[in-house]
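Report on the following structure.
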Protein chains: 2
Amino acid sequence: MVAELGSPLPAAPSRRERARQATVDEIKATAVDLMREHATTDVRFTDIARVMGMTAPALYRYFDDRDELLSALIVDGFDSLGAAVGDAVRPLDEADLPARWSAASQAYRAWASAEPQMFALILGMPVPGYQAPEEGPTTEAAKAAMSQLSSLFVAAAQRGELRPPLIREVSVSVADCEKSKHDELCDVLPPESFQAMLQTWAMLHGFVSLEAYGHFDWMEPEARDELFRSHMRLAATASGLPVPPA
Amino acid sequence: MVAELGSPLPAAPSRRERARQATVDEIKATAVDLMREHATTDVRFTDIARVMGMTAPALYRYFDDRDELLSALIVDGFDSLGAAVGDAVRPLDEADLPARWSAASQAYRAWASAEPQMFALILGMPVPGYQAPEEGPTTEAAKAAMSQLSSLFVAAAQRGELRPPLIREVSVSVADCEKSKHDELCDVLPPESFQAMLQTWAMLHGFVSLEAYGHFDWMEPEARDELFRSHMRLAATASGLPVPPA
DNA sequence: GCGATACGTTATGCCTCATAACAAACACGA
DNA sequence: TCGTGTTTGTTATGAGGCATAACGTATCGC
């Protein structure tokens, strides 16, 4: 034993544990592939196992039942969405808030359009068997994903670039804000800006939902792109986020 | 035969036809009840039949398969949504466009919150087996429901009360408008207003989706109500619809 | 009333979820 | 190196849903 100092390492992953984790990952990846392929959130253990060259009951060694797999996919979905937005924003100049907002919203949109099933899974109708556990892992993941958006408002506020929103009447109080589990916002953001952030999310989500579910299919892609850009320009204008000078 | 003049009557509904129609209606109503009860769009023929005191195979006399029942429910859903909005707007003063917009959006929201499953069915992720037939009955129904919203824009335009929208850069052309199958709009509405209408729909839909699927549950109902009102005020302001003086 | 049609039943086949019982592979200490 | 217990896979089995088939029975129109 050379490494007496092994204690800081978080539970050295044994060979078996790594293999198990790889299988878990493969199951989830296969499930997502099948969802994409069949354009549905309905995924069959049978199919996953067949693609993986296994039999269905083997999957129960890794997930107690279909709902548990679904929960795991939801967590991953939030992570993936949050990561997509984060990756899009990170390389940009911290001072260029319009660019960051544009990139963030485009990433949200692109993720949803690329993976409409995952999008439906995490932000659409709650799945039958699955109910979000109070304070469970999915709640945490959701918070992390959403904070990618809220951090833009915080940054704008801290830089003094956050204008008051178009709609001033405050209907969401500080108490409401705290219930949203994003405590860090409530101190920094004036209530009317927190409210504007929710409205911005609603605007973004509305467009992205309609598009991801095919309700804008009648439009040419270029027109959709332009419509989205103008929609986000409107969102920024209305919420007090900095907008590009042009 | 007293009624020789029967010909204008549209195919006198025979006793049998009425009974059949009643059964069809009961099946659909039972399906909707079960969807509501189980909070899912997944409905079992077995359950429907059990509730109705029948056996499952009997339902196949009325619907070829589950998808056909689903399609029928989708058509009904659009009709119901359109009717809900229409009923809310109809009694109001035709000149009071702010009130009509407020009532229409509230009706849209109330319908979705009362029947989140139906809402998901018609405007959420397309259901696995079901694909919207080109020019099929669901398309027509969808058009009718959406025209409840667009008619507000038309009315405003015809009364000369439609302001130019906040966002002027036109990204949706007349050609795009015509592809939306709402031909009557494209002559009356300037392109920027058609674009604004789409954005208004996206705003409305975004809020309503998030709320219907429980993502605003952390807010008090009163705060949600107020947030919605301010969101719709913003939508009207941004799109050029008349807003209440206050 | 009688023939045709519509409606509902039971019986059946196939598929999926899920569990049980069993077999092979592996890890690890004596 | 070998043996023992754990992990991971298999096949076998049962419950339940979709869908069809085959078969009575009620109802409608003439």
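Below, chains carry the letters A, B, ... as their sequence lines are ordered, and counting in each starts from 1.
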Nucleotide range of DNA chain D lying under 4.0 Å from chain B heavy atoms: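 Listing 5' to 3', DNA chain D meets chain B from dG17(D) to dG29(D).
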Looking at side-chain heavy atoms only, is the closest gap between W201(A) and F207(B) below 4.5 Å?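 Side chain of W201(A) against side chain of F207(B), heavy atoms only: no contact under 4.5 Å found.
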Is any side-chain heavy atom of M54(A) less than 4.5 Å from a side-chain heavy atom of L59(A)?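 Of all side-chain heavy-atom pairs linking L59(A) with M54(A), at least one is under 4.5 Å.
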Give the rounded distance in Å between these two atoms: [atom1] of [X] and [atom2] of [N].
| X | N | atom1 | atom2 | result |
| --- | --- | --- | --- | --- |
| E68(A) | dA18(C) | CD | P | 11 Å |
| L59(A) | dC17(C) | CG | P | 9 Å |
| D64(A) | dT19(C) | CG | C1' | 12 Å |
| Y60(B) | dA6(C) | OH | C1' | 19 Å |
| E17(A) | dA27(C) | CD | C1' | 12 Å |

Pairing of E226(A) and R229(A) as salt bridge, 4.0 angstrom limit: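 Yes, E226(A) and R229(A) are salt-bridged.
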Are R66(B) and D42(B) within salt-bridge range, i.e. N to O under 4.0 Å?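 Yes, R66(B) and D42(B) are salt-bridged.
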Taking only the side-chain nitrogens and oxygens of T55(B), find out if one of them lies under 4.0 Å from OP1 or OP2 of dG8(C).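 For dG8(C), neither OP1 nor OP2 has a side-chain N or O of T55(B) closer than 4.0 Å.
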When you compare the protein's N or O atoms with those of nucleotides 21-26 of chain C, which come within less than 3.5 Å of each other, and at what distance?
| unit_1 | atom_1 | unit_2 | atom_2 | d |
| --- | --- | --- | --- | --- |
| dC26(C) | O2 | R16(A) | NH2 | 3.2 |

Angle class for the F119(A)/Y213(A) ring planes (parallel below 30°, perpendicular above 60°, tilted otherwise)?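 Tilted: the ring planes of F119(A) and Y213(A) meet at 30° to 60°.
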Looking at every strand, decide which applies to Y62(B) at a 4.0 Å heavy-atom threshold: base, sugar-phosphate, or nothing.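 Sugar-phosphate only.
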Under 4.0 Å between any heavy atoms, over every strand shown, what does F45(A) touch: base, sugar-phosphate, or nothing? Just pick one.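 Touches sugar-phosphate only.
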Check for me whether R109(A) meets the cation-pi criterion with F228(A), that is, NZ or CZ under 6.0 Å from the six-membered ring centre and within 45 degrees of the ring axis.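 Yes, R109(A) and F228(A) form such a contact.
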With ring centroids as reference points, do F153(B) and F194(B) lie under 6.0 angstrom apart?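 No, the ring of F153(B) stays outside the 6.0 Å limit from the ring of F194(B), centre to centre.
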Contact list for residues 59-91 of chain B, test ring pair (Phe, Tyr, Trp, His ring centres under 6.0 Å), sequence neighbours left out: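 Those involving residues 59-91 of chain B are F45(B)-Y60(B).
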Which heavy atom in M118(B) sits nearest to a heavy atom in G77(B), and how many Å separate them?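 Of all heavy-atom pairs spanning M118(B) and G77(B), the closest is CE-CA, 3.5 Å.
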